[in-house]
Each structure stands twice: as structure tokens, then as C-alpha cells.
Amino acid sequence: NKIGASLAPNSNGSFYVNGDSNNSNENIQDDNANYNPITDYEYTLFAKEDTGLNDNYVLLKKYIGSSNNVIIPNNYNINGKTYKVVLYGNYVHPGYSGNESLFSNNNNITEVELPSNLLTTSSNDAVSNLSSTSLNGMFMNCNSLESVSNIPDTVTSMESTFYNCTSLANGPAIPENVENMSHTFY
């Protein structure tokens, strides 16, 4: 499954989606046709040779796709390179402005399947402070969200994860390692 997108470089050597996804010279390929294409997201690529990191990463900043059912892979293959998926989440306590995450305030999604090798960061312009333990505020104010099929076992903090998700009917199994569930289903 080939998916095109026009990518433009940032000043820091990473890339972002630019313009019409039908006019591309980039070779973006899904590992599995069941996953949502990379063009369903605002994202930035971080290539290890440009950043000094040990791996290539793709930071998924915001879901902008039209599908109500979202399935996120562990990796995307872009231009023959494998990029590990990192989810953006900048959690701010309910009642304060500034909460941003990959899915926060999205009223279209109904179902989400997270990657089994979860990586998150609170920075929307760098792949730093990577965590596999936090889903804080990830689905905050997603009023149409009905189910999330999985929470990876590495997660220990779910503060306000499903805050104001008024349609959530099929909550996922909560891993036994979760220590913080403050306002999770508030």
C-alpha cells in the first residue's frame, strides 16, 4: 500500500506534512493496510543520522484523518527507513488551558487501537523524554470515543486519560502497573 505525502524540511532537519498528499515524490508505505496512513496525522520525522538518536522516530502530533476507527502501528516505513511511532501528549490538569495531545478534543473518533510498543513525549517539536508509561490526557474531551481496545502493560499513569469522554462504553482493561488514575474517567 503506497501512500503519498509532500514532506517539507524544518530548520532542525525534521520533516512535516506540506500541501496536497496526492502530489508526492516521497515513498511512504504502510507496514499493514489495516493501520491508518501516516497522512492521517500532523507529524514530524526524526532521522537518526540527522539527530544523533539511536533510532528513527515519527512523532504523531495530531490526528487529522477522517476515519472514526484509528489503528496506530508500532512503526511506519518511509523512504525505505523504519520509523518508530511516538505519540504526542502535553497534559495540563482539567480546568486549565493548554492540554494538547494526539487525540484531545477530537469529537470524530469512536475507536482507537494503540501501538503495543507505546512511546509518548510531551514535546511537539523534538523526540525527547520518551516514555512508555504515560497516557495522561491522551483522549481528554473526545466526546464520541466509544472504545480503546488496549492499554499497553508499560503504562503506569492515566491521569485524565478519558476525562470528559462521555460516549465511552467499552473501557479497556487497565494494566495492573497503573499507579495514577486521577480523573481517568471523570
Qualifying residues under side-chain hydrogen bond (donor to acceptor under 3.5 Å, both in side chains), relative to N107, sequence neighbours excluded: N143

Nearest atoms (heavy-atom pairs only) where S104 meets G137: CB-O, 4.1 Å

Minimum heavy-atom distance Y83-Y57, with the two atoms named: CD2-O, 3.3 Å

T161 vs L135 side-chain heavy atoms within contact, under 4.5 Å: yes

Step-by-step side-chain contact (heavy atoms from CB on, under 4.5 Å) determination, V58 to V86: CA-CA 6 Å; V58 57; V86 179; over 6 Å; no

Derivation of the side-chain contact (heavy atoms from CB on, under 4.5 Å) call for L102 and I72: CA-CA 11 Å; L102 177 60; I72 306 170; 4.0 Å; yes

S101 versus G89, closest heavy-atom pair with distance: CB-CA, 3.7 Å

Listed partners of E49 passing side-chain hydrogen bond (donor to acceptor under 3.5 Å, both in side chains), at least two apart: K81

Ring pair (Phe, Tyr, Trp, His ring centres under 6.0 Å) partners of F162, counting only residues at least two apart: F139, F185

Heavy-atom closest pair, residues P115 and P152: O-CG, 3.4 Å

Residue that, paired with T82, satisfies side chain to side chain donor-acceptor pair (under 3.5 Å) out of N74, N75, N77: N77

side-chain contact (heavy atoms from CB on, under 4.5 Å) evaluation trace for T156 with N180: CA-CA 7 Å; T156 60; N180 181 1; over 6 Å; no

Gap between atom SG of C142 and atom CG of N108 - 0.5 Å precision: 9.5 Å

L118-I174 co-clustered via ILVMFWY side chain contacts under 4.5 Å: yes

Minimum side-chain heavy-atom gap L168-E146 below 4.5 Å: no

Working for ring pair (Phe, Tyr, Trp, His ring centres under 6.0 Å), residues Y41 and Y63: CA-CA 5 Å; Y41 305 93; Y63 179 72; 5.5 Å; yes

Pairwise distance NZ(K61) to OG1(T121) - rounded to 0.5 angstrom: 11.0 Å

Closest contact, heavy atoms only, L45 versus I78: CD2-CD1, 3.5 Å

Partner set under salt bridge (Lys or Arg N to Asp or Glu O under 4.0 Å) for K84, not counting sequence neighbours: D55

Step-by-step side-chain contact (heavy atoms from CB on, under 4.5 Å) determination, T166 to N164: CA-CA 5 Å; T166 55; N164 200 29; 3.5 Å; yes

Side-chain heavy-atom pair V148, E111 within 4.5 angstrom cut-off: no

Hphob cluster co-occupancy, F103 + I64, side-chain heavy atoms under 4.5 angstrom: no

Distance (rounded to the nearest 0.5 Å) between S131 OG and L119 CG: 8.5 Å

Side chains of L145 and T110 in contact at under 4.5 Å (non-hydrogen atoms): no

Residue list, side-chain hydrogen bond (donor to acceptor under 3.5 Å, both in side chains) with N56, at least two apart or on another chain: none

Approximate separation, where rounding is to 0.5 Å, of L59 CG and L87 CG: 8.5 Å

Contacts of type side-chain hydrogen bond (donor to acceptor under 3.5 Å, both in side chains), residue N106, not counting sequence neighbours: none

Check: S160 main-chain N/O paired with N136 side-chain donor or acceptor under 3.5 Å: no

Short side-chain to backbone donor-acceptor contact, T184 and M158, under 3.5 Å: yes

ILVMFWY network linking Y88 to L130, side-chain heavy atoms under 4.5 angstrom: yes

Check: N36 and N69 side chains under 4.5 Å, non-hydrogen atoms: no

Straight-line distance of I71 CD1 to Y35 OH, nearest 0.5 Å: 8.0 Å

For the student: nearest non-hydrogen atoms of V155 and P175, plus distance: O-CB, 4.4 Å

Gap between atom CD of E159 and atom CE of M140 - 0.5 Å precision: 8.0 Å

